[in-house]
Amino acid sequence: MDFIVDYDPREEERAQQASIFDGLNPAQLEAVQTTEGPLLVLAGAGTGKTRVLTTRLAALIHQGKAFPGQILAVTFTNKAAQEMKVRVSETLGGAPVEGWWLGTFHALAARMLRHHAELVGLSSNFTILDSDDQVRLVKQLMETHNIDPKKYPPKMLAGEISSWKDKAKRPEDLGADEVGDLANGKMLPLYRDYQNRMKALNTCDFGDLLLHIITILKDPKHADILVDYHRRFKYILVDEYQDTNVAQYLWLRLLAKGSNNICCVGDDDQSIYGWRGAEVDNILRFEKDFDDAKIIKLEENYRSTMHILSAANGVISKNNNRLGKELYTNIGEGEKVNLRGLWDGGAEARWVGEEVEALQNKGFKLNQMAVLVRTGFQMREFEERFIQLGLPYRVIGGPRFYERMEVRDALAYLRVVAQSNDDLALERIINTPKRGLGNATIQILYTHARSKGISLYQSILDLTQTDELRPKVKSTLMKLVDDFERWKSLAESDLHHGELAAQILDESGYNDMWKMDKSPEAPGRLENLKEFVSAMDEFESLQQFLEHIALVLENQSNKDGDFITLMTLHGAKGLEFDVAFLPGWEDGLFPSQRSMDENGVKGLEEERRLAYVGITRARQKAYISYVANRRMYGSWVNGLPSRFVDELPEDHINVQTEMGIYSPDQNNHGSNSGRSNHWDSSGFGGKTRQSTPKRGTSMAGFVSGERVFHEKFGGGTVTHAEGQKLDIEFDNAGQKRVMDSFVVKA
DNA sequence: TGGATTCGCGTTTTT
DNA sequence: CGCGAATCCA
């Protein structure tokens, strides 16, 4: 059986010699050693949860309780899977971990599904669509259903379908009340068609990987399959449990019902992927579904100083929907969290730059500093400033390698070679590079394909036998299928697929297209294509490579050198830095207005968890800042300090201010200030704001050479930098009211 | 068909 | 403002 990997019996010997449990605290030890039955480990930030998981895994093997192949270790991201592999391997003295059931939900589900694909109408070489393909498919289907893409953006409808899949709902599982009247009530037929089309194309989207395998495992007709997996997996380990969606939960539950030995590790306070289907409720359900479940909390933090932890605790304690943990540390008091209000985004970037340089002089390494922003556009100002200062920085995020246009194009060629029924891939590259095959031609091909119920590729083969197409078009298409047929036979020969890819890119003219291109990105794209080809060499088959690139491939970020890191708060999860800068704490930006508008209290609480994640990234120093003026989408927007600023516990904060900027008064600026109930008013951002400023906004600007700071917001007391106090009442009708303005010397 | 121009809109991000 | 998509026009 391919999934069983023997372990080296000398491991036990090694275990005798060096205890892998050294240095674990009692709670961690208990979590590691409670190997029988369901266990939920609630582990706060920086409490060593990954260590618990890896130690546990290693211990199971060390102690001979399970072979690697009998352990299902599931993580949420590839990064986490990678880290786990490395650490387990280290603990086991360098044992290889290839072939273990250790990986992400999607990768493991895909692996299972390959064995049983025919049971859901697929063949085992199905390809995996990315979200871009999904949207294009939805868009195509919308046409046949007469759904207006202007009224209903394809992206939105694709999102709706994905969210059903996140909940493990197939079209036939959806009740009338669950469908809603989106797209004039045509969502269900659209979803049904979408699924049928996917089967015809022999593809899965990400949601399908889990959906299909759940369908199979649940089916009483295939009870033997589930029984088989139950026999295989003696232990199940799950990381980042708070990020699981319903489908992932169901999958886990189905598999865990065999041995009942399931250990989940997570932190409800760090659930920041709710917008993508994660359900914190899965943590609560755990106790219900596994009635003898044991719960262990890890609350001792080994990362941050007490002031930082207390600041984080203070903020997160404002969330009502949480299980409740209070982190503590023995590291020491440390420094208070620095809080600073500034004039605008430029000033904020300059200030951060100054602090960074000062810290460098004190011996802090750039590698141990990070600027963590809520949204990507905030990065620009920091980049500009860092460039001016000559500070080396590294931006994490942005488009991933395999999301780049040229990589996806190259991939599309290979997908057609691997599976010529992949219409979406073929459509992508049929006229890339330009071959003179425009919309009109593609429509003809599609019409033919649809009427015959065949694939695009097939319909090219058909139509090139007739005279329905213009001679020029016909010969171009014949050349194209000739090429593909040749590449397909090469793929089956023993030509290495790396070489095959290189050949395809050359012969198709794709490489030339970029060589001719004068744009500044072109050289980089060629570089990426080279990398793409060399990445292929590491895989045994084209099939394996395609799966890897769809599910696994990471951005390679060079860790060498001393760089300050610039990334979003989401990207920072699981990382830690000596120094964390948290700029942009303005209401509407953070917490994000949209999150609050769309998801109300739930959205706000998720934003608050994001704040918690942000603060707890810092080991020694945290800097929080907000500005009065920020440039967004080309125009100036004025903001108030985030409500999270108000929530920072005073005792752990070192408040700094700058001219013309107020700092909130802790006593009078609280929850009944009128702000907290009004996230649904369009108080911030967007076009509405400019024409009708509402309560909750302030205005600031330059008037005749002097800085004038107008207050136009309601609620509470505001202290200005100069010590003036300004009492402001808010208008219950939500009307904007200029309460006062004053002049600050420039 | 495809280059040029206007339009419209704008989190976070994993697989 | 800046980018991608839709639309226009040769």
Side-chain angles (χ1 to χ4, degrees), chain A residues 74-81 103-110 128-136 139 149-150 153-155 159 162 165-166 204-211 240 243-245 247-248 271-278 372-380 396-400 402-403 405 431-443 470 472-473 476 547-555 567-574 584 588-599 603 606-607 609-611 613-614 631-637 684-687:
Chain A
V74 191
T75 62
F76 192 65
T77 62
N78 287 306
K79 205 172 77 186
T104 61
F105 279 98
H106 287 85
L108 295 175
I128 299 165
L129 293 192
D130 62 30
S131 26
D132 218 68
D133 292 323
Q134 277 177 56
V135 174
R136 286 195 308 156
K139 206 165 148 192
K150 288 232 179 69
K155 221 175 161 181
S162 292
K165 292 187 177 180
D166 286 343
C204 278
D205 62 20
F206 291 119
D208 280 342
L209 297 173
L210 280 149
L211 195 62
E240 303 283 17
D243 287 331
T244 53
N245 61 34
Q248 291 160 340
S271 166
I272 56 175
Y273 287 106
W275 49 272
R276 214 223 56 239
L372 310 177
V373 294
R374 177 64 182 84
T375 70
F377 79 89
Q378 291 170 260
M379 290 184 188
R380 219 199 61 231
I396 308 282
R400 331 194 117 249
Y402 56 84
E403 278 169 2
M405 188 206 313
N431 200 29
T432 313
K434 299 260 187 300
R435 300 184 173 92
L437 301 169
N439 253 333
T441 309
I442 292 171
Q443 278 318 312
R470 294 209 320 272
K472 212 175 163 190
V473 171
T476 311
E547 178 141 335
H548 182 263
I549 204 155
L551 293 173
V552 182
L553 198 69
E554 278 285 317
N555 268 19
M567 64 174 135
T568 64
L569 287 162
H570 283 90
K573 198 166 109 178
L589 179 61
F590 186 45
S592 140
Q593 190 61 47
R594 189 151 157 194
S595 184
M596 295 185 290
D597 285 349
E598 283 171 11
N599 300 306
E606 181 151 319
E607 295 285 310
R609 290 193 289 269
L610 212 42
V613 168
R631 223 182 145 88
M632 284 172 102
Y633 310 134
S635 56
W636 287 95
V637 171
F684 192 103
K687 277 149 198 153

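Convention: sequence-line order gives letters A, B, ...; per-chain numbering from 1.
Regarding A:N78, its CG atom lies at a distance of 10 Å from the P atom of B:dT14, rounded to whole Å. Rounding to whole angstrom units, CD of residue A:Q593 and P of B:dT12 are separated by 16 Å. We find that CD of A:E598 is positioned 13 Å from P of B:dT12, with the value rounded to whole Å. Distance A:W275 CH2 to B:dT15 P: 11 Å, rounded to the nearest Å. One interatomic measurement links the two molecules: OH of A:Y633 to P of C:dG4, which rounds to 15 Å at whole-angstrom precision. Counting to the nearest Å, the C1' atom of B:dT14 and the NE2 atom of A:H548 are 15 Å from each other. Rounded to whole Å, the distance from CZ on A:F76 to C1' on B:dT12 is 13 Å. One can place CZ of A:R609 at 18 Å from P of B:dT12, the figure rounded to the nearest angstrom.
The side chain of A:Y273 places no N or O atom within less than 4.0 Å of a non-bridging phosphate oxygen (OP1 or OP2) of B:dT11. Within the structure, every side-chain polar atom (N or O) of A:S635 is placed at least 4.0 Å from both OP1 and OP2 of C:dC1. A close approach under 4.0 Å does not occur between any side-chain nitrogen or oxygen of A:N439 and OP1 or OP2 of B:dT1. Note on A:T568: every side-chain N or O is 4.0 Å or more away from OP1 and OP2 of B:dT11. Contact check, A:N431 against B:dG2: a side-chain N or O comes under 4.0 Å of OP1 or OP2.
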Under 3.5 Å, N/O pairs linking protein and nucleotides 5-7 of chain C:
from: C:dA6; atom 1: OP1; to: A:K139; atom 2: NZ; distance (Å): 3.4
from: C:dT7; atom 1: OP1; to: A:K150; atom 2: NZ; distance (Å): 3.2

Please list, pair by pair, any protein nitrogen or oxygen found under 3.5 Å from a nitrogen or oxygen in nucleotides 8-10 of chain C.
none

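If you check B:dT15, B:dG2, B:dT11 against the side chain of A:K434, the one that comes closest is B:dG2.
Taking the charged nitrogens against the carboxylate oxygens, A:D133 and A:R136 do have a contact shorter than 4.0 Å, which makes a salt bridge.
In terms of position on DNA chain B, the residue among A:R374 and A:F206 whose nearest nucleotide sits closer to the 5' end is A:R374. Toward the 5' end of DNA chain B, the nearer of the two residues A:N599 and A:S131, judged by each one's closest nucleotide, is A:N599.
A:T375 comes within contact range of the sugar-phosphate backbone alone, with a heavy-atom separation under 4.0 Å but no base atom that close. A:A440 comes within 4.0 angstrom of the backbone, heavy atoms only, and of no base. Contacts of A:G207 with the nucleic acid, taken as non-hydrogen atoms under 4.0 Å apart, are absent.
A distance of 9.0 Å separates CG of A:D132 from NZ of A:K155, quoted to the nearest 0.5 Å. Interatomic distance, A:D243 CG to A:K573 NZ, rounded to the nearest 0.5 Å: 3.5 Å.
Looking at heavy atoms from C-beta onward, A:K165 lies out of side-chain contact with A:F206 at the 4.5 angstrom threshold.
With A:D205 contributing its side chain and A:I128 its backbone, the two residues share no donor-acceptor pair below 3.5 Å.
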Task: Criterion side chain to side chain donor-acceptor pair (under 3.5 Å) on A:S595 and A:E606, from CA distance to verdict - done: CA-CA 8 Å; A:S595 184; A:E606 181 151 319; over 6 Å; no
Task: Test log, rule side chain to side chain contact (heavy atoms under 4.5 Å, CB included), inputs A:T441 and A:R435 - done: CA-CA 11 Å; A:T441 309; A:R435 300 184 173 92; over 6 Å; no
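For a distance-only test at 3.5 Å, the side chain of A:R276 fails to qualify as a donor-acceptor partner of the base of B:dT13.
Between A:Y273 and A:H570, the ring-plane angle classifies as tilted under the 30° and 60° cut-offs.
Summarising the geometry of A:C204 relative to A:L209, their closest heavy-atom pair is CB-CD2, 4.0 Å, with the distance given to 0.1 Å.
In this structure, A:F377 has no ring-ring contact (aromatic ring centres under 6.0 Å, His included) partners at least two apart in sequence or on a different chain.
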